[in-house]
There are 2 protein chains.
Amino acid sequence: MYVTSEPIAPDADFFSAPQSTGRVLPDRRVAMGQHVFREGDTVRQIYQVKSGVVRLARLLEDGRRQVIAFGYPGDIVGFPSLGCYHSDCDALTDTVLRPYRRQVLEDGGGDPALHRFLLDAALKEISAMQDHFMMLGRKSAFEKVASFLTALCARVGTGTDGHYTVKLPMTRGDIGDFLGMTTETVSRTLTQLRKSGVIEIDHVNTVVVMNPEGLIALASGEAN
Amino acid sequence: MYVTSEPIAPDADFFSAPQSTGRVLPDRRVAMGQHVFREGDTVRQIYQVKSGVVRLARLLEDGRRQVIAFGYPGDIVGFPSLGCYHSDCDALTDTVLRPYRRQVLEDGGGDPALHRFLLDAALKEISAMQDHFMMLGRKSAFEKVASFLTALCARVGTGTDGHYTVKLPMTRGDIGDFLGMTTETVSRTLTQLRKSGVIEIDHVNTVVVMNPEGLIALASGEAN
DNA sequence: CGGGTTCTTGACTATCTTCAACGAAAGTGG
DNA sequence: CCACTTTCGTTGAAGATAGTCAAGAACCCG
């Protein structure tokens, strides 16, 4: 999921992607920790995440890293530019991917409905990335973490009566590289959110949002 | 121009966009300071910048702003998401825009070549935005400004024998909101670059790069 | 020429990073 | 199954980078 993007309803049929009229490629399974593709590889297919979570990231020569997005079920990853992938993609959990031929995105490949579906995904991605810009460029550490948790909850949170539980398959370092801050600051911010009672943390990578309104307020900079 | 994107040769025929086979919309002229479209407006057409420079930006409720991109000749602006523009677009100079019907992007509108052209532009934009992520999230003030000037030079710089001149039609505030820093820090950084002899500044909004290699080194974090 | 905006500079402060240490968790091999 | 190693997470102290506030200079416009 592009964590900054709009939530999809839990029962949304993101597999409503039109069936290809051509030969259907078999799903690709990728084990946790394995890579899906690398920056610079020639794009032969793009993928829709069916289950699991992937991480899209780019590296600078000196090792600095920027996580571009986390891909959750329903998301499309691997859009080409000049024929190549422009980020690394790795599986954070065991993942199942549905491949689409690159050609379907580019010229329709005889399947207009699928073509349109992929195009819309690309356009939505542009929009989602703009939210991410705002987060990277203009938000404080608190707002970043609160925004991140809010978006995650809306997208993949489970729970009822004002409590949402969210699993974090990524490390603190991944979150930091996504939000443009250090591992330590992510950790400290989560600790403060916990101490203020807005969230609870189970076993490091499960967050329970106790006070969603408070979290949303923090995300947009009210108080801090 | 997506300042982070690849330069185009000065004489590149960015108007090589295939001629529409349908009725051609007349160019749109927008005076300096006027807006082209607003976030939330329904997209009826998308534009290619023919001349001039535009600014794409988003606002937070509390007034914080993030400049998404500067649109230079050849760039496509106004990609829809869910049928609406997702940022404000304003003309920084008198600007001429070539409109394309939204439908041509979405389903081809009977013009496959133009459709493909617009799609490629969207995919390139995704790639360019990823560079921008790295800049916003992982670079220091010096690196940001140096990267910005480097990209501008490569794209629209004029000059010979190791000197490049670049006009800045945007304010320091615009640059700051593009790079995720304050007006003051942009100003201070430019002053330091000037004092170190890497650039000279004519009349506030013209920069002459005296030492392009030095600037490139600074952009990627070598020394500072 | 005068008024408003933009740019620059300085002093001070806050936020976040860096460096370092330690503890917990998870994976490895005997 | 347990010791060992490694990675990951948390916390603290110190420092650096960039932000804030404020004032003055330069520029632009009618």
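Being a predicted model, the structure only gives us computed values, none of them experimental. Below, all heavy atoms of this structure are taken into account, side chains as well, without hydrogens, waters or symmetry copies. Residue numbers begin at 1 in each chain, while the letters A, B, ... track the order of the sequences.
- Pairs passing the side-chain hydrogen bond (donor to acceptor under 3.5 Å, both in side chains) check and including a residue from residues 182-199 of chain B, sequence neighbours excluded, read B:Thr182-B:Thr185.
- One can place NZ of B:Lys195 at 11 Å from P of C:dT8, the figure rounded to the nearest angstrom.
- Remark: B:Arg188 is not in phosphate contact with C:dT9, judged by side-chain N or O atoms under 4.0 Å from OP1 or OP2.
- Rounded to an integer number of Å, the gap from B:Leu193 CG to C:dT9 P is 13 Å.
- Between A:Thr185 and A:Val204, the one whose closest nucleotide on DNA chain C sits nearer the 5' end is A:Thr185.
- Atom CG of A:Asn205 is separated from atom C1' of D:dT10 by 15 Å (rounded to the nearest Å).
- Side-chain nitrogen and oxygen atoms of A:Thr182 include none within less than 4.0 Å of the OP1 or OP2 phosphate oxygen of C:dC16.
- Within the 4.0 Å cut-off from OP1 or OP2 of D:dA26, not a single side-chain nitrogen or oxygen of B:Arg172 is found.
- Residue B:Arg194 is the one, among B:Arg194 and A:Met32, whose nearest nucleotide of DNA chain C lies closer to the 5' end (criterion: closest heavy atom).
- Here A:Thr171 lies in heavy-atom contact (under 4.0 Å) with sugar-phosphate atoms only.
- For B:Phe79 and B:His86, the ring centers are positioned 6.0 Å apart or more.
- OP1 or OP2 of D:dT11 has at least one side-chain nitrogen or oxygen of A:Thr191 nearer than 4.0 Å.
- Here D:dC28 presents its C1' atom at 17 Å from CG of B:Leu168, a figure rounded to the nearest Å.
- In the helix from C:dC1-D:dG30 to C:dG30-D:dC1, the terminal helix axes, each the rotation mapping four pairs' C1' atoms onto the next four within five end pairs, subtend 60°, rounded to 10°.
- With contacts defined as side-chain heavy-atom distances shorter than 4.5 Å, the pair A:Tyr47/A:Asp27 does not qualify.
- Checking B:His203 against A:Glu184, the closest nucleotide of DNA chain D that is more toward the 5' end is the one next to A:Glu184.
- Here the rule is salt bridge (charged side-chain N to carboxylate O under 4.0 Å, His left out) with B:Asp177, and of B:Lys144, B:Arg172, B:Arg65, B:Arg55 only B:Arg65 fits it.
- Between the CZ atom of B:Phe142 and the C1' atom of D:dT17 there is a distance of 12 Å, given to the nearest Å.
- Relative to the side chain of A:Ala141, the nucleotides D:dT10, C:dC16, C:dT8 differ in distance, and C:dC16 lies closest.
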